[in-house]
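Structure first, commentary second.
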Amino acid sequence: MSMGSDMYREQILDHYKNPRNYGELEDPTFSHVGENPMCGDEIKVDVTLAEDGETIEYVSFVGDGCAISQASASLLSQELPGMSLDELEGMDRDDVTEMLGIDISPMRIKCAVLAEKVAQDGAKIYRGEMDLDKTSTED
Ligand code: FES
């Protein structure tokens, strides 16, 4: 194991134990919920947009899950502010694994992408591009 990946493992544990932006926003522009049906873990993401209706201003999340899913949500909540909804929708799983900094096994990739998928579907629903009650990492 390289020093680099140790550092990322520390980062994941830190975000898991002290999640950033954990909680609910007072008046979010949109909120969305999703689950990883493999384990039943669920996350809700709240997003507030800037006045331009396109730039992400704040992101928070609540929910339960493993260290990977929680760290990923925490990291994402720091990464997204300043990005546009188009940029969010353009993200893929590589962006998430890059953010986490470790190799994610195929079994755990659903954990890693849960928060991203919830945020992306929330954005699509907000923009009227999609109609969905709850996101699933299986779809
Ligand atoms: Fe449930 Fe990872 S085991 S989200």
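Hydrogens, waters and symmetry mates play no part in the numbers below; they use all other heavy atoms, side chains included. Just follow the structure's listing: the first ligand is 1, and inside any ligand the first atom is 1.
- The 12-atom threshold is not exceeded at CD of E98, counting heavy atoms of other residues, nucleotides or ligands nearer than 6.0 Å.
- Within 6.0 Å of CG in N18 there are more than 12 heavy atoms belonging to other residues, nucleotides or ligands.
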**Study point:** Residue pair N21, S60: steps toward the side chain to side chain donor-acceptor pair (under 3.5 Å) verdict
**Key:** CA-CA 5 Å; N21 304 302; S60 74; over 6 Å; no

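- Within 6.0 Å of atom CG in D86, more than 12 heavy atoms from other residues, nucleotides or ligands are found, so the atom counts as buried in its surroundings.
- Any protein N/O/S atom under 2.8 Å from atom 2 (Fe) of ligand 1 was counted, giving 2 altogether.
- Within 6.0 Å of CG on D103 lie no more than 12 heavy atoms contributed by other residues, nucleotides or ligands.
- Taking a 6.0 Å sphere around CZ of R93, one finds it holds 12 or fewer heavy atoms contributed by other residues, nucleotides or ligands.
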